[in-house]
Structure formats: structure tokens, C-alpha cells
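Below: one structure, written as C-alpha cells.
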Amino acid sequence: MRKKIVAGNWKMNTTVAEGVELAKGIVAKVNEISKGVTLVVAPPFTHLASVAEVLKDSPVCLSAQNCADQPKGAFTGEVSAEMLKSVGCCYTILGHSERRQYYGETSAKLVKKIALALENGLKVIYCVGEKHEDRSMGNHFDVVSSQISEVLFDLTPEQMKHVVIAYEPVWAIGTGVTATSEQAQEIHAFIRETIAAHFGEKVAEDTTILYGGSCKPSNAKELFACPDIDGGLIGGASLKADDFIAIAQAW
Ligand code: PEP
């Protein structure tokens, strides 16, 4: 059975002290959301240990925003999947469009990162989504289809149980422009069909597909009411506990 998830991507925001306060604010209100909704927070690497401490007796899950494409060794500045597991992460986000755009994240690297994350017992929130020019040329289905086939199709159906897909149109991230619920539902349904065509109907039905891109309390309800939208990956609005919780109350 697929899960309903609301995940907060804090990106490179907050000091450790601010992040701890934000996490405390979320934990304090977690009983105001339905039991069937899983909350996930993804602070920066530097905050993980402190935020893990805040979350430890709560149902809120800890996620990283990235992991290395190597298991360990002389890779200065990198953080491995094993390290993330050891600090208490349950998830890592991978393939965020900002990493693809600014840090040269390729499909080949993402294949390695996902394999390492899964080997180390992390679940993966794998981000896909087209740029504005792709959509205006009508190429969005092809772009998303390639991002899925190049990176996920060598996984086993068993491994896919630990992969959440986040559809995040690049033109909607941090812009205040949200995909309409029709646009989002159309491509979420396409993503599920793409998964079904390769892995079978059961895997597709069980795959959680999140929407991301300027999702906020005022539009979450309409988006989450769509049959193929199982929650959200939230950037800006995840930096305020009240907004993040209000989004999770959208069902
Ligand atoms: C994101 O970057 O994952 C995101 C969805 O950002 P925002 O909600 O700020 O558009």
C-alpha cells in the first residue's frame, strides 16, 4: 500500500539552532495530523544529529538532501549513505533539480547513489521534473520518462518498495507558480503508468508519488485530492512549522 507523505526539504536554510527549533515546532504539532500521513524533514547535513535527537521519540522521519556516489574513502567533502544511516536518517532525497542543475548530477551518478542508499537501508525520494522550455515544447513526458527509465529501471521490484518519486516541475520550484492540479495529475498518472509498464501494476499502485513546486497550505488540498498525488515535497513552506503542518492537514 502506498503511503501519504509530506516531506520538507529545508535546502541550505537555518542555522543548527534554528533547525532544532523548527523540528521542535513540527514535533509539537504532529498529533494534529492524520495518523495515515507520514512527515519527513530533510535538514542540511550539519543539522542531522541535532534534529535526530529532537525527532527520536516522534513519528517524524529524518531525511538527508543528498548522499555520495561512493561508499567511503578519499572523497573530501562528501557524506556517505552509511553515515546518513548511522546518524538516524530513514530517507535521502536524490536527484533534486537544483543538484542536477548546479552540481552536475547525472543519471549515471544517481544510479550509484540510489544503489548505495538502498544498500544502507535508506529510502529514497527520487526527484524528476521538466524545465519550463521542455514543457513549452511539449517534451515534459519524454523528459520525465527518461529521468525514470535511466535511473530506476535497473532496480528490482523489491527495491522499488523503498523508492518514493517526487514530481517537481523546475518552473514551479521556489517561483510561487504551482502546476495546476490537472497538470500535476496528468503527469503523476503518466509516471505511474511508466512504472507499471516496467515493474507491473502492483509496484506502480504501491509507489508513492509526491508533488513538489510552490506547494503551500492554500493549494495543497486541491493537489492532494488528485488520485495519483500521494503528498508533497515542500521547500519554502516547510521552513515554518505551522505551514508545514497545515499542508499535512490537507487530506
Ligand atoms: C523543492 O525544492 O523541493 C520545492 C518543492 O521547493 P518550493 O516548495 O519552495 O517550490
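As the structure lists them, so they are numbered: ligands from 1, and atoms in each ligand from 1.
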Problem - Close approach, Ala237 and ligand 1, non-hydrogen under 4.0 angstrom - result: no
Handout entry: Any side-chain donor near an acceptor of the partner, His47 and Thr14, under 3.5 Å
Key = yes
Practice task
Return yes if a side-chain donor-acceptor contact under 3.5 Å exists between His96 and Glu105, otherwise no.
Solution key: no
Problem - Heavy-atom nearest neighbour in the protein, as seen from atom 5 (C) of ligand 1, with distance rounded to 0.1 Å - result: Glu168 OE2, 3.0 Å
Fill in the blank from the handout: Checking heavy atoms under 4.0 Å, the part of Asn9 that sits near ligand 1 is side chain
Handout entry: Interfacing atoms of ligand 1 (cut-off 4.0 Å, heavy-atom, Ser214)
Key = 7 (P), 8 (O), 10 (O)
Practice task
Using a strict 4.0 Å threshold on nitrogen-to-oxygen distance, state whether Arg192 and Asp230 make a salt bridge.
Solution key: yes
Practice task
Return yes or no for this condition: an N or O of Gly235 is under 3.5 Å from an N or O of ligand 1.
Solution key: yes
Problem - Under 4.0 Å to a heavy atom of Gly213 - the qualifying atoms of ligand 1, by number - result: 5 (C), 10 (O)
Handout entry: For atom 9 (O) of ligand 1, closest protein heavy-atom neighbour
Key = Gly236 N, 2.8 Å
Handout entry: His96 neighbourhood, listing ligand 1 atoms whose heavy-atom distance to it stays under 4.0 Å
Key = 1 (C), 2 (O), 3 (O)
Problem - Closest approach of any protein heavy atom to atom 2 (O) of ligand 1, naming residue and atom - result: Lys11 NZ, 2.5 Å
Handout entry: Those residues that, when tested against Lys11, pass salt bridge (charged side-chain N to carboxylate O under 4.0 Å, His left out) (two or more places apart)
Key = Glu98
Practice task
Would you mind checking if Lys113 and Asp69 are paired as a salt bridge, meaning a charged N to carboxylate O distance below 4.0 Å?
Solution key: no
Exercise for the section: Answer yes if the side chains of Tyr167 and Glu130 hold a donor-acceptor pair under 3.5 Å, and no otherwise. Expected result: yes
Practice task
For ligand 1, find out whether one of its N or O atoms is nearer than 3.5 Å to an N or O atom of Gly174.
Solution key: yes
Completion exercise
Closest non-hydrogen contact found for Ser80 with Gln70 is CB-O, 4.2 Å
Exercise for the section: Using only heavy-atom distances, determine whether the side chains of Asp228 and Gln185 contain a donor-acceptor pair under 3.5 Å. Expected result: yes
Practice task
Give a yes/no on ligand 1: does Ala172 have at least one heavy atom closer than 4.0 angstrom to it?
Solution key: yes
